[in-house]
Engineer: 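My structure is below; once you've seen it, I'll send some questions.
So you know, we letter chains A, B, ... as the sequences are listed, proteins then strands, and number each from 1. Everything numeric here is computed off the predicted structure, so don't read it as measured data. Computation of the quantities below employed the complete heavy-atom set of this structure, encompassing side-chain atoms and omitting hydrogens, waters and symmetry-equivalent molecules.
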Amino acid sequence: MEKTTDKNIYTIVFAVIMVAIVGTILAGLFSFTKPLVTKNREIEKQQNILYALGVNENTETSANFVDADDAPVKFENFVNRQIVIQDGEIIENDQAYLIDVKKEKSKAKSDSYSRKLPLFIGEKDGETIYVIPIYGKGLWDDIWAYIGLDKNMVIQGAYFDHKAETPGLGANIKERFFMDDFIGEHLLDDNGNFVGVTVAKGNADPRNDRKEDNKVDAIAGATITGDGVTAMIKSDLALYKPYFDTLKQ
Amino acid sequence: MGLLSKKDSKLILDPLADNNPITIQVLGICSALAITAELKASIVMAISVIFVLGAGNVVVSLMRNIIPSKIRIIVQLIIVATLVIIVDLVLKAYAYELSKTLSVFVGLIITNCIIMGRFEAFALGNGPWKSFLDGIGNALGYGVILIIVGFFRELLGSGTLLGVPVLGDPIEKTGLYSIGYENNGFMLLSPMALIVVGLIIWVQRSRNKALIED
């Protein structure tokens, strides 16, 4: 005789019940944790922006954010202005850090929409620093960064992060040895044209002494992630060039 | 071991050496190649798999008499995926920093063939306690190989261990680098992990001839 567990009807009923139970558990847990996760993400954005401003708790080798509990207060203290640039117009918006750069980027693919460009203006040690969030694609998934610039578009701070790059290779873009290389790099060439910064192989400048060559040293084994970094700097930071031009006048 | 009977301790110890999931059963190779470029990632992955395989084996074992055999693979897959997602959600809510480190591994854990392999080969036919031990044992055996491979790849590829430079500074040419030593960038690429695993298999089989197949 056929075992009960082999019968078709049992199989179907089992599958339905199992899916219902698992679905309920996951959906319940998801909606329960959602507010906490959203809060964590907001704090993380504040920490990222502070990091690019130079407000962090870095040790000799590792990159550390300010404590999550202190982040909202410090964010308030260091970031003086949050603005959104859309169609060349500048709008003050103290929630600008919540703008989803990824969504803006994909919306901007249709010609009728002009992208909202958030910009955070802060002060560190008497210097005004402009922090820009950028978004791009790495090897496996999204990569993004917060870049702190001075008014001449020279990088003062950089924080890179990724969703799912390979640990030990592409994932190293969020290590200090990579991020710190960007500090001091120029985004413009001598004539004031936007060039960006290229993550270059065979740069022959591993110590990154030449700051005006628009190049930083690539990570071995992470070519595609590096190319993604180059591409997102080129495409996203260039959008802010008109704003920086107005600063010079 | 007073706590475990001889048979039970065999469940834990066997997969560490003579029945190792990677070197003998040749399971879980994909993740062993993917994430062993540095030691820290290997350790994180080892701990994650110990948790998921231990818990998953118990759940599958408890359900072994009611799982319909026709869809058992799908059911097992759902169990692993659910466990992993629960852990991921809880970490995201209460230990956000840690969850960011682990998020890369979530997909790799679900598709790890050791997990499905142990569900299929052991948990479906044995009680929860035995299955738990088997899960822990196999995950440890997997972890040991991961850590050995990670150790050599990070040491020879980057000259660091857990991110700390141990051979000197390659740019300033101090330590070992002052006498002309260079990091082998090839060690960072996946094929070298396969070669390191191959070397481990070679050493293991030449020490224990019983493992050699005809």
Engineer: Does some side-chain heavy atom of B:I86 sit less than 4.5 Å from a side-chain heavy atom of A:L26?
Structural biologist: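 Touching, per the 4.5 Å side-chain cut-off.
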Engineer: Going from CG on A:L169 to OG on B:S158, what distance comes out if it is rounded to the nearest 0.5 angstrom?
Structural biologist: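 Reported to 0.5 Å precision, the distance equals 8.5 Å.
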Engineer: Distance check, rounded to the nearest 0.5 Å: B:I74 atom CD1 versus A:M18 atom CE?
Structural biologist: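 These two atoms lie 10.5 Å from each other.
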Engineer: Only pairs of heavy atoms separated by less than 4.5 Å count here; which of B:T82, B:T36, B:I66 has the most with chain A?
Structural biologist: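 Ranked by contacts with chain A, first place is B:I66.
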Engineer: If I measure from the heavy atoms of chain B, does A:D141 come under 4.5 Å with its side chain, its backbone, both, or neither?
Structural biologist: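 Neither part, no heavy atoms under 4.5 Å.
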Engineer: I'd like to verify something: which residue of A:I43, A:D161, A:L29, A:I25 has the highest number of heavy-atom pairs under 4.5 Å with chain B?
Structural biologist: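 The option with the most such pairs is A:L29.
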Engineer: So, taking the atom named CG in B:L91 and the one named CG in A:N40, what distance separates them when rounded to the nearest 0.5 Å?
Structural biologist: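 Answer rounded to 0.5 Å: 11.0 Å.
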Engineer: Among B:V44, B:L189, B:I71, B:L39, which residue has the highest count of heavy-atom pairs closer than 4.5 Å to chain A?
Structural biologist: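 Option with the greatest count: B:I71.
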Engineer: With the side chain counted from C-beta on, respond yes when B:K70 and A:F14 share a heavy-atom pair under 4.5 Å apart, and no when they do not.
Structural biologist: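 They are not in side-chain contact.
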Engineer: Less than 4.5 Å to any heavy atom of chain B: does that hold for the side chain of A:E175, its backbone, both, or neither?
Structural biologist: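 Neither part, no heavy atoms under 4.5 Å.
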Engineer: How about OH on A:Y135, more than 12 heavy atoms from neighbouring residues, nucleotides or ligands closer than 6.0 Å, or not?
Structural biologist: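 Enclosed.
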Engineer: Taking all non-hydrogen atoms of both residues, which atom of A:A220 and which atom of B:L188 are closest, and how far apart?
Structural biologist: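 Nearest pair, atom of A:A220 first, then B:L188: O-CD1, 4.1 Å.
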Engineer: When rounded to the nearest 0.5 angstrom, what is the spacing between OH in B:Y96 and NZ in A:K39?
Structural biologist: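 Separation between the atoms: 12.5 Å.
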Engineer: Working to the nearest 0.5 Å, report the span between CZ of B:R72 and OG1 of A:T11.
Structural biologist: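 Output value for this atom pair is 12.0 Å.
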Engineer: Roughly how far, to the nearest 0.5 Å, is CZ of A:F30 from NZ of B:K92?
Structural biologist: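 One finds 8.0 Å between NZ of B:K92 and CZ of A:F30.
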